[in-house]
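The chains referred to below are lettered A, B, ... by the order of the sequence lines, with proteins before strands, and numbering in each begins at 1.
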Amino acid sequence: MTESWPTSPEEARRLQERLRDQVVTEDRLGPVRAVAGADAHYAPVQGLTWAAAVIATFENLELEESVLACQRTAFPYVSGLLSFREAPTMLDALARLSRTPDLLLVDGQGIAHPRRLGLASHVGLLADIPTIGVAKTRLVGRYEEPGPARGAWSPLLHRREVVGAVLRTRPGTRPLFVSPGHRVGLSTAIDLVLRCTPRFRLSEPIRLADRLSREHAP
DNA sequence: GCGACAG
DNA sequence: ATCTTGTCGC
């Protein structure tokens with residue numbers, strides 16, 4: 001499944017161009033009961049990448065299962081090519097879950113990407129599961145600052161296209177950059193992310209995954 | 001040519 | 001992402 005994984009940035013960009021049309025940006029998901037969150041961290045000294053995947057109940061966002069995966073970091077960090085660095089380990093973690101989640105929230109962009117294939121879209125495509133990109137900062141696109149109330153959002157535009165939403169998940173904090181990953185439309189993505197982010201700035205599944213991977217990275 | 005640039 | 005303490009504010 002990870003055979004012929006790109007080695008160079010040029011090769012990676014070519015693969016993105018070849019896969020971009022396979023990403024589905026319309027709702028193709030069933031009832032959401034189990035929501036997963038995925039995040040990765042690095043241990044530079046050991047040259048390792050740690051990825052965590054958790055599953056929480058969509059209803060109360062309580063942790064149900066958490067797994068970890070670790071691999072040697074094999075691709076450099078290049079803006080726009082993050083998936084080639086994190087996806088292998090993230091997919092490893094997802095495969096360790098006892099069941100397939102109904103939805104996956106990924107710490108990174110979905111289609112709000114130069115070639116419409118951010119980490120969330122790439123992982124969703126390879127695992128064939130509905131995903132949403134939930135990033136803390138912008139990669140591409142222009143936008144107007146969303147209102148101060150929780151739930152306020154403004155479109156993220158890139159090359160005349162709406163590629164995501166800048167969403168205020170909590171008053172007094174910086175907004176999140178939400179974009180369809182795979183098999184989830186933008187409006188549904190916004191709704192789902194809000195439901196998964198009832199209290200803090202970050203979505204609960206991602207917070208749980210972030211905490212877990214961070215504990216095992218040092 | 002000059003900035004911008006997920007994690 | 002990672003390197004890093006205290007500190008201001010709700």
Side-chain angles (χ1 to χ4, degrees), chain A residues 6 9-10 12-13 15-16 19-20 23 37-53 68-94 104-126 131-143 148-150 156-159 161 163-182 186 189 193 199-203 205-218:
Chain A
E10 301 66 41
R13 293 191 187 90
L15 180 56
Q16 291 182 323
L19 298 177
R20 60 183 298 172
V23 176
D39 191 24
H41 279 280
Y42 305 100
V45 183
Q46 296 100 319
L48 301 174
T49 294
W50 286 86
L68 283 165
C70 177
Q71 284 184 23
R72 300 211 67 165
T73 307
F75 201 92
Y77 171 72
V78 179
S79 180
L81 303 180
L82 182 64
S83 64
F84 296 95
R85 185 175 169 81
E86 301 191 348
T89 312
M90 203 168 270
L91 288 168
D92 186 337
L94 290 172
L104 170 66
L105 267 42
V106 179
D107 189 340
Q109 314 290 343
I111 62 170
H113 176 280
R115 290 167 292 284
R116 305 290 181 270
L117 197 77
L119 178 62
S121 296
H122 202 167
V123 168
L125 196 57
L126 295 179
T131 62
I132 296 175
V134 185
K136 295 180 290 297
T137 59
R138 180 197 75 98
L139 173 59
V140 296
R142 296 173 78 293
Y143 66 94
R150 166 184 151 75
L156 178 62
L157 292 92
H158 180 59
R159 297 182 183 178
E161 272 183 87
V163 296
V166 184
L167 177 67
R168 187 82 64 191
T169 54
R170 181 187 168 125
T173 63
R174 296 169 53 238
L176 294 183
F177 295 76
V178 178
S179 59
H182 184 50
L186 181 58
V193 168
R199 185 175 179 188
F200 302 106
R201 179 197 177 217
L202 300 179
S203 300
I206 288 181
R207 288 186 69 235
L208 294 169
D210 176 80
R211 195 182 57 174
L212 186 65
S213 61
R214 183 166 302 196
E215 294 176 345
H216 291 266

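- One distance of note links CG of A/D210 with OG of A/S203; it measures 11.5 Å at 0.5 Å rounding.
- When rounded to the nearest whole Å, the span between NE2 of A/H113 and P of B/dA6 equals 11 Å.
- For A/H41, counting side-chain heavy atoms from C-beta on, the closest listed nucleotide (B/dA6, C/dT2, B/dG7) is C/dT2.
- Rounded to a whole Å, the CD atom of A/Q46 is 10 Å from the P atom of C/dC3.
- Taking NE2 from A/H122 and CG from A/L91, the interatomic distance works out to 8.0 Å, rounded to the nearest 0.5 Å.
- As a whole-Å value, the separation of A/L48 CG from C/dA1 P is 17 Å.
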Check your understanding: Dot-bracket for DNA chain B, 5' to 3', counting Watson-Crick or G-U wobble pairs under 3.5 Å, with [ ] for crossing pairs and | for inter-strand pairs?
Key -> .......

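- Between A/L139 atom CG and B/dG3 atom P there is a gap of 20 Å when expressed in whole angstrom units.
- Ranking C/dT2, B/dG7, B/dA6 by closeness to the A/P44 side chain, first place goes to C/dT2.
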Point to revise | Pairing annotation in dot-bracket form, given for DNA chain C with Watson-Crick or G-U pairs under 3.5 Å and | for cross-strand partners | key: ..........

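- Relative orientation of the A/F75 and A/F84 rings is tilted, given thresholds of 30° and 60° on the angle between their planes.
- Distances shown here put a side-chain N or O of A/T137 below 4.0 Å from the OP1 or OP2 atom of B/dG7.
- Phosphate contact (OP1/OP2 of B/dC5, side-chain N/O of A/R138, threshold under 4.0 Å): present.
- Within 4.0 Å (heavy atoms only), A/G172 reaches no atom of the nucleic acid at all.
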Point to revise | A/S83 vs A/V123, side-chain contact (heavy atoms from CB on, under 4.5 Å): CA-CA, chis, key distance, verdict | key: CA-CA 8 Å; A/S83 64; A/V123 168; 5.8 Å; no

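- Regarding contacts with the backbone of B/dA6, every side-chain N or O of A/K136 stays at 4.0 angstrom or more from both OP1 and OP2.
- Within the model, atoms CH2 of A/W50 and CG of A/D92 stand 11.0 Å from one another, a figure rounded to the nearest 0.5 Å.
- Using a 4.0 Å cut-off, some side-chain N or O of A/R214 falls inside it from OP1 or OP2 of C/dA1.
- Remark: A/C70 SG to A/Q46 CD distance equals 8.5 Å, nearest 0.5 Å.
- The CD-P distance, from A/Q109 to B/dC5, rounds to 11 Å in whole Å.
- Distance, A/L82 CG to B/dC5 C1': 12 Å, rounded to whole Å.
- Rounded to the nearest 0.5 Å, atoms OG1 (A/T169) and CG (A/L176) are 4.0 Å apart.
- Checked against B/dC5, C/dT2, B/dG7, the side chain of A/E86 finds its nearest nucleotide in B/dG7.
- Taking the charged nitrogens against the carboxylate oxygens, A/R211 and A/D39 have no contact shorter than 4.0 Å, which rules out a salt bridge.
- Between the CD atom of A/E10 and the CG atom of A/L81 there is a distance of 9.0 Å, given to the nearest 0.5 Å.
- Spacing between atom CZ of A/R115 and atom P of B/dA6 amounts to 13 Å, rounded to whole angstrom units.
- Nucleic acid contact for A/L117: none, since no nucleic acid atom lies under 4.0 Å from a heavy atom of the residue.
- In this structure, A/Y77 does not pack face-to-face on the six-membered ring of C/dA1, missing the 5.5 Å centre cutoff or the 30° plane limit.
- A pairwise comparison of heavy atoms in A/G110 and A/A120 identifies CA-CB, 3.9 Å as the closest pair.
- In this entry the distance linking CZ of A/R142 with P of B/dG3 reads 19 Å, nearest Å.
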